[in-house]
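Take a look at the structure set out below.
Whatever order the structure lists ligands and atoms in, that order sets their numbers, starting from 1. It should be emphasised that the depicted structure is a prediction, and the values quoted were computed from it without experimental measurement.
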Amino acid sequence: MKTVAVYPGSFDPPTYGHLDIIGRGSHVFSKVIVAVAFNIRKQTMFTPEERVGMLRTLTGPMGNVEVDAFDGLLADYAVAKGANVVLRGLRAVSDFEFEFQMAHVNRKLAPKLDTVIMMTGEKHIYISSSIVKEVARLRGKIDDMVPELVRDRVVAKIREQE
Ligand code: ADP
């Protein structure tokens with residue numbers, strides 16, 4: 001059976017934590033669709049197009065990964081894409097409650113859609129997009145958290161904003 005997973009998130013910006021989940025997901029599922037959430041209410045550093053562009057470059061070498069943007073209900077989007085799995089990553093217990101609730105909501109909305117949660121690689125436990133932005137704003141090194149391409153874009157964005 002073909003198992004298509006949708007991996008939704010803000011990816012503002014994409015980190016090594018995200019790439020770890022995408023890479024591992026690509027070994028488990030027939031296809032992984034990385035779905036960048038378009039949320040006009042959420043203040044983001046990068047536009048959805050910029051986030052999609054970075055993710056496309058970074059996941060290019062993985063053959064079965066597609067990058068897309070979506071707005072509206074994830075359950076509707078996933079069903080429209082023919083996906084049967086929602087892939088999410090879990091860093092700490094603090095992520096759990098939200099993921100647990102979302103998994104139940106999505107199952108209610110689309111009963112055939114199952115959520116699969118992957119534990120983060122221990123090297124990536126502390127990495128989040130907000131930490132990356134915060135450290136970079138304070139002129140700290142983010143080289144261990146994001147690929148070079150992302151680091152350069154984050155640094156350029158911060159210079160633009162100042
Ligand atoms: P959202 O705003 O939907 O939480 P994120 O871009 O922050 O979007 O995260 C997308 C997904 O990636 C979430 O499931 C999140 O738990 C997971 N994730 C984020 N950072 C890491 C990491 N360092 N290790 C593993 N999973 C992660």
Side-chain angles (χ1 to χ4, degrees), residues 3-29 31-59 62 64-78 81 83-107 109-110 113-137 140-151 153-154 157:
T3 47
V4 176
V6 169
Y7 178 42
S10 310
F11 307 103
D12 185 52
T15 68
Y16 280 135
H18 295 133
L19 290 171
D20 177 49
I21 301 288
I22 298 169
R24 280 156 56 206
S26 77
H27 293 301
V28 173
F29 302 107
K31 182 158 101 176
V32 175
I33 304 171
V34 182
V36 175
F38 231 107
N39 187 344
I40 39 171
R41 271 171 307 161
K42 210 167 169 178
Q43 190 94 38
T44 53
M45 176 177 265
F46 294 97
T47 64
E49 293 76 15
E50 289 172 320
R51 286 176 266 152
V52 167
M54 286 188 272
L55 282 162
R56 284 214 174 115
T57 308
L58 295 166
T59 60
M62 306 174 195
N64 57 342
V65 175
E66 182 185 313
V67 183
D68 192 18
F70 80 104
D71 60 2
L73 268 185
L74 171 67
D76 289 348
Y77 171 80
K81 285 294 223 176
N84 28 27
V85 168
V86 174
L87 176 62
R88 295 283 289 175
L90 199 70
R91 279 160 294 189
V93 181
S94 50
D95 286 340
F96 178 79
E97 218 161 316
F98 178 72
E99 297 299 339
F100 187 71
Q101 189 181 22
M102 285 315 296
H104 283 284
V105 170
N106 284 328
R107 185 145 54 189
L109 294 170
L113 194 60
D114 233 311
T115 299
V116 172
I117 310 254
M118 280 189 170
M119 301 304 146
T120 182
E122 68 266 21
K123 278 200 323 218
H124 307 114
I125 270 181
Y126 70 100
I127 306 176
S128 71
S129 299
S130 15
I131 284 291
V132 166
K133 288 179 278 190
E134 186 139 351
V135 171
R137 281 203 182 98
K141 255 171 67 104
I142 53 170
D143 302 56
D144 291 340
M145 304 185 217
V146 295
E148 216 175 305
L149 158 97
V150 176
R151 180 201 64 196
R153 302 271 180 94
V154 170
K157 236 351 149 182

Pocket residues around ligand 1 (non-hydrogen, under 4.0 Å) come out as Tyr7, Pro8, Gly9, Ser10, Phe11, Gly17, His18, Ile21, Lys42, Arg88, Gly89, Arg91, Glu99, Thr120, His124, Ile127
Using a 3.5 Å distance criterion without hydrogens, assess whether the side chain of Ser128 forms a donor-acceptor pair with backbone atoms of Ile131. yes
What are the two closest non-hydrogen atoms of Val150 and Pro13, and how far apart are they? CG1-CB, 3.6 Å
Search all heavy atoms of Arg51 against all heavy atoms of Val36 and return the closest pair with its distance. NH1-CG1, 3.6 Å
Let me check something: any side-chain donor-acceptor pairs from residues 88-97 under 3.5 Å, sequence neighbours excluded? List them with distances.
residue: Arg88; atom: NE; partner: Glu99; partner atom: OE1; Å: 2.9
residue: Arg88; atom: NE; partner: Glu99; partner atom: OE2; Å: 3.1
residue: Arg88; atom: NH1; partner: Pro8; partner atom: O; Å: 2.8
residue: Arg88; atom: NH2; partner: Glu99; partner atom: OE2; Å: 2.8
residue: Arg91; atom: NE; partner: Asp95; partner atom: OD2; Å: 3.1
residue: Arg91; atom: NH1; partner: Ile127; partner atom: O; Å: 3.4
residue: Asp95; atom: OD2; partner: Arg91; partner atom: N; Å: 2.8

For Tyr16, what residues pass the ring pair (Phe, Tyr, Trp, His ring centres under 6.0 Å) criterion, not counting sequence neighbours? none
Can you tell me which residue pairs pass the side-chain hydrogen bond (donor to acceptor under 3.5 Å, both in side chains) test with a partner in residues 140-149, sequence neighbours excluded? Asp143-Arg151
